[in-house]
Protein chains: 2
Amino acid sequence: MLESTLDIGTAAQILKLLGDKTRLTMVKILDHHDCCVCEFVGIFNMSQPAISQHLRKLKDAGVVGETRRGQWIFYSLNKNSEYYQLVQNLLSHLPSQDDKLAQLEEQGLRISCE
Amino acid sequence: MLESTLDIGTAAQILKLLGDKTRLTMVKILDHHDCCVCEFVGIFNMSQPAISQHLRKLKDAGVVGETRRGQWIFYSLNKNSEYYQLVQNLLSHLPSQDDKLAQLEEQGLRISCE
DNA sequence: TACATATATAAGCATATTATTATATATTGA
DNA sequence: TCAATATATAATAATATGCTTATATATGTA
């Protein structure tokens, strides 16, 4: 739980990455639940490619990781990222986004492939 | 020291604002020292209008405030901002930028108008 | 008052960002 | 094997961003 320091240019890149409402919401959701692309498509009012592109940016930065489970690719927070601590810190300032998943559930769009 | 929550869209805006290396460095410096525009001009390899424009964005968001002292306008962190807590949290992940002020001092460019 | 210094604003331009649509690829299951 | 579903990539277009230069405004001082 060491409070290490990030290069300021690197930190700025991460803040820019998270300085987008869609991506920030994604990350907040992923803090508590893994999600697949189609769930995000259900949550955001945006095309599937747009969702994929946001996830790609998060993945390229190492903030999230992906695992294929059958037909679906699930994204999760990368707890081993060197930015994880910063990200956790940020997320603590944000309200839960669990309502978005609850809505999905109501619509029968929640994926569970266990 | 209440840990209150920010609207996620608002938080994203603040992160975007700070997701620029120049502005993030400015804020980190202002965390410890008030600075005037011409000092920032000395620190960053950038024109004076560019500096003013960055400061304007920070001011418009309420992250920093300004006070005229004679010929100079000094900027400072706005400790009353509703984002102050978030900002402090972010800054704790960044290395000190005091070397930049030290360099200024060496060049005789540090302003003190007390 | 006139000039120097500090700062802000305006206009313009190059580049980055974020969406869209169209299409490619991978997996599942009949 | 073929069709359906899930996801990724490519091309493109609209808008945003971050500089630059030119200019305006405010203050201090001879």
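Values below: every heavy atom of this structure, side chains too, minus hydrogens, waters and symmetry copies. All chains are named by letter (A, B, ...) in the order of the sequence lines, taking the proteins before the strands, and each is independently numbered beginning at 1.
- For B:D7, the side-chain contact (heavy atoms from CB on, under 4.5 Å) partners two or more places apart in sequence, or in a different chain, are B:T10.
- Taking atom CG of residue A:L17 and atom C1' of nucleotide C:dT17, one finds them 12 Å apart after rounding to whole Å.
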Return the polar atom pairs (N/O with N/O) between nucleotides 9-12 of chain C and the protein under 3.5 Å, or none.
from   : atom 1 : to    : atom 2 : distance (Å)
C:dT9  : OP2    : B:R56 : NE     : 2.9
C:dA10 : N6     : B:Q53 : NE2    : 3.4

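- Note that the first and last nucleotides of DNA chain D, 5' to 3', having any atom under 4.0 angstrom from a heavy atom of chain B are D:dT17 to D:dG28.
- Residues passing the salt bridge (charged side-chain N to carboxylate O under 4.0 Å, His left out) test with A:K57, sequence neighbours excluded: none.
- The salt bridge (charged side-chain N to carboxylate O under 4.0 Å, His left out) test applied to B:E82 returns no partner, not counting sequence neighbours.
- By the salt bridge (charged side-chain N to carboxylate O under 4.0 Å, His left out) test, B:D20 is found to be paired with no residue, residues two or more places apart in sequence or in another chain being considered.
- Every residue two or more places apart in sequence or in another chain that forms a side-chain contact (heavy atoms from CB on, under 4.5 Å) with A:S47 is listed here: A:P49, A:A50.
- Atom CZ of A:F44 is separated from atom P of C:dT18 by 14 Å (rounded to the nearest Å).
- Atom-to-atom, CD of A:E66 to P of C:dA26 comes out at 13 Å; the value is rounded to the nearest Å.
- Listed by chain and number, the residues in a side-chain contact (heavy atoms from CB on, under 4.5 Å) with A:V27 are A:L18, A:L58, A:V63, A:L77, A:V87, A:L91 (sequence neighbours excluded).
- Atom pair A:R69:CZ and C:dA26:C1' shows a separation of 18 Å (rounding to whole Å applied).
- Residue contacts shown for A:Y75 are limited to sugar-phosphate atoms, with no base heavy atom under 4.0 Å away.
- Between A:K16 and A:Q71, the residue whose closest nucleotide on DNA chain D is further toward the 5' end is A:Q71.
- By the 4.5 Å heavy-atom criterion applied to side chains, A:F74 and A:E39 are counted as neighbours.
- Residues satisfying the side chain to side chain donor-acceptor pair (under 3.5 Å) criterion with A:T22, sequence neighbours excluded, are absent altogether.
- Looking at heavy-atom distances under 4.0 Å, B:K57 makes contact with sugar-phosphate atoms alone, never a base.
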B:D34 and B:R69: CA distance, side-chain angles, deciding distance, salt bridge (charged side-chain N to carboxylate O under 4.0 Å, His left out) verdict: CA-CA 12 Å; B:D34 292 4; B:R69 295 190 209 153; 3.2 Å; yes
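- Near DNA chain C, meaning a heavy atom under 4.0 Å from it, residues 30-38 of chain A has no residue at all.
- For B:H33, the side-chain contact (heavy atoms from CB on, under 4.5 Å) partners are B:D98, B:L101, B:R110, not counting sequence neighbours.
- If you measure from atom CH2 of A:W72 to atom P of C:dT27, you get 14 Å, rounded to the nearest angstrom.
- Checking the phosphate oxygens (OP1, OP2) of C:dT18, a side-chain nitrogen or oxygen of A:R23 falls inside 4.0 Å.
- B:D60 pairs by the salt bridge (charged side-chain N to carboxylate O under 4.0 Å, His left out) definition with B:R56, not counting sequence neighbours.
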